[in-house]
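Just so you know, these numbers use all the heavy atoms, side chains as well, and skip hydrogens, waters and symmetry mates. Chain letters run A, B, ... following the sequence lines, proteins first and then strands; every chain starts at 1.
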Amino acid sequence: MSSGDRNLNKSALSDVNALVIVPQRKIGTKIMAAICIILLLLLARAFWKGDIGWSYVSENLFSRSVLAGVGNTIIMTFCAMIVGIVLGVVAAIMRMSDNPVLRSISVGYVWLFRGAPALLQLLLWFNLALIFPTIGIPGLFSIRTVDVMTPFVAALLGLGIQQGAYTAEVVRAGILSIDKGQMEAAQSIGMTKLRATLKIVLPQAMRVIVPPIGNETIGMVKLTSLASVIQYSEVLRSVEDIYYVNSRVIELLIVATIWYMVVVTILSILQIYIERHFSKGWGRRDASHQQPAGQALAGEAG
Amino acid sequence: MDAIIKAHGLQKYFGTFHVLKDIDFEIMKGEVICIIGPSGSGKSTFLRCINQLEPIDAGYVMVDDEIVGYRRDGNRLFPLPDREIARQRQAVGMVFQKFHLFPHRTVLQNIIEGPVGVQKRPRQECVAEARVLLERVGLADKANAYPSELSGGQQQRIAIARALAMKPKAMLFDEPTSALDPELVGEVLGVMKELAASGTTMIVVTHEIGFCREVADRIVFMDGGMIVETGTAGEILENPRNPRVKNFISAVL
């Protein structure tokens, strides 16, 4: 036995090229894969055998009211995120101000609107007329609250304002991630603090801010479904209206699911491009700039 | 000749730590002053006080006959609003140890940000001036590069150009070569020597004794938050009177 070992050692040493690396067999992985595939097939079979009228799905997928609902979902996502981002940036800048009043207001805003559930906030805004029958500036003008507080406005305020509370924290984290020297350098060339924040610090912070905001935008697409509770006709509401009539509940919910997936997928792709835009100057660059990479590398070394 | 920057009775605390103790200082137009001394002696803090990056606790700093950061009414000093402080800062250019170029802007955009964005001067004129400045720091071909593509030495030369673009009355250098690889120090010092030769008023906090010897009209030695000794390069480097200066010089030379 020992002489055989010696022989093997010798042959290995003398002829390196004859050595062959045999790939690992990974039996466990293959068994796992087989089990998963079987389970998935069973699941697919269940759906196939289940009492799902797929014709209802295809019929309603592009029906006018569902498409209108999809449109309203997109509009609400967009508008609520705009409100949220504007409020978030303002709240984040206020939070970092030297003025204790502004700081406290910002902290209070985040505390209140991040604390209360989104659905509850929607209901509060929608029912505002119960406590304030009219709104306006005393003596100047006043209007009936029910005329203003439409489902759209209530949903926009409810979703946008609570989104702002989350975005404020994201923006603040982004601003904190930027080296203090950037602010000082900007100030040393005569910028005021506000200008330096907006022109120098925030654009750089965007690199850190965009991924979580993209995440939250995708979250917002789904959060808009809450607005169905206050009569805003987004996609969930539209399919509900249809299944109240024809009772094909699951089929219509599948329709809504498909649309949510489509919108979220498109947004995810969009996010990649936006992130690319804001990472300008951080090593990665697009081909439109004239300087060849080799020269940059030479500069780095020299 | 007039003093461009003057400090009198300047005191500065970080919490209870007394960083600057009763600093009196003057720099004339066209003069080059190097500030040397051990780390923690308050050299950088003093520069930052001149540019109002640090608030001062007592005394005053004057730049171009204006009290920095305050409006004087009799014997009372009222803090100036942010906008006025920003205006005053334009009179002095600052070069930082770690460059602090704006990484999301190209070299050219970094340089014209001040003159175009802050001073509201015509863009074309500023771009032309920026190209002259780039020529002067030897980086005319890098106008469209991003800072991350440049070496430390190149970034620092761009930072100098960015400060010069504001046409400041004086330039402050806060250890401009301390963050550089040794082989890159020369190119930055070269630019600074050229600036000094062209009559720029400069205060340089540095550990480059050779540079001080060659360029400084006066050397200020700081230790423990105080100015210990001031004199020409010959006086301070060859023949220091104070034993602390003597120890420091013999340690670094």
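- Between the side chains of Glu84(B) and Gln88(B), no donor-acceptor pair of N or O atoms lies under 3.5 Å.
- With a 4.5 Å cut-off on non-hydrogen atoms, Asn51(B) touches chain A through its side chain but not through its backbone.
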**OP:** Would you sort out whether Arg136(B) and Ser198(B) count as a side chain to side chain donor-acceptor pair (under 3.5 Å), showing the intermediate values?
**Re:** CA-CA 11 Å; Arg136(B) 200 166 162 194; Ser198(B) 70; 3.1 Å; yes
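- Under the 4.5 Å side-chain criterion, counting only non-hydrogen atoms from C-beta, Val92(B) is not in contact with Met171(B).
- If you measure heavy-atom distances from Leu101(B) to chain A, the contacts under 4.5 Å come from the backbone alone.
- Between chain B and the options Met191(A), Arg195(A), Lys193(A), the largest number of non-hydrogen pairs under 4.5 Å is found for Arg195(A).
- For the set Gly153(B), Gly117(B), Gly93(B), the count of heavy-atom pairs under 4.5 angstrom toward chain A peaks at Gly117(B).
- Ala196(A) does not touch chain B: none of its heavy atoms, backbone or side chain, sits under 4.5 Å away.
- Residue contact with chain A, scored on non-hydrogen atoms closer than 4.5 Å, involves the side chain of Phe96(B) exclusively.
- Ring pair Phe113(A)/Tyr109(A): centre-to-centre distance below 6.0 Å.
- Your options are Glu113(B), Lys98(B), Arg162(B), and the one with the most heavy-atom pairs under 4.5 Å with chain A is Glu113(B).
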**OP:** Evaluate side chain to side chain donor-acceptor pair (under 3.5 Å) for Asn144(B) paired with Thr106(B), printing each intermediate quantity in order.
**Re:** CA-CA 5 Å; Asn144(B) 294 316; Thr106(B) 64; 5.0 Å; no
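- Dense packing is recorded around CZ of Phe78(B), with more than 12 heavy atoms of other residues, nucleotides or ligands lying under 6.0 Å away.
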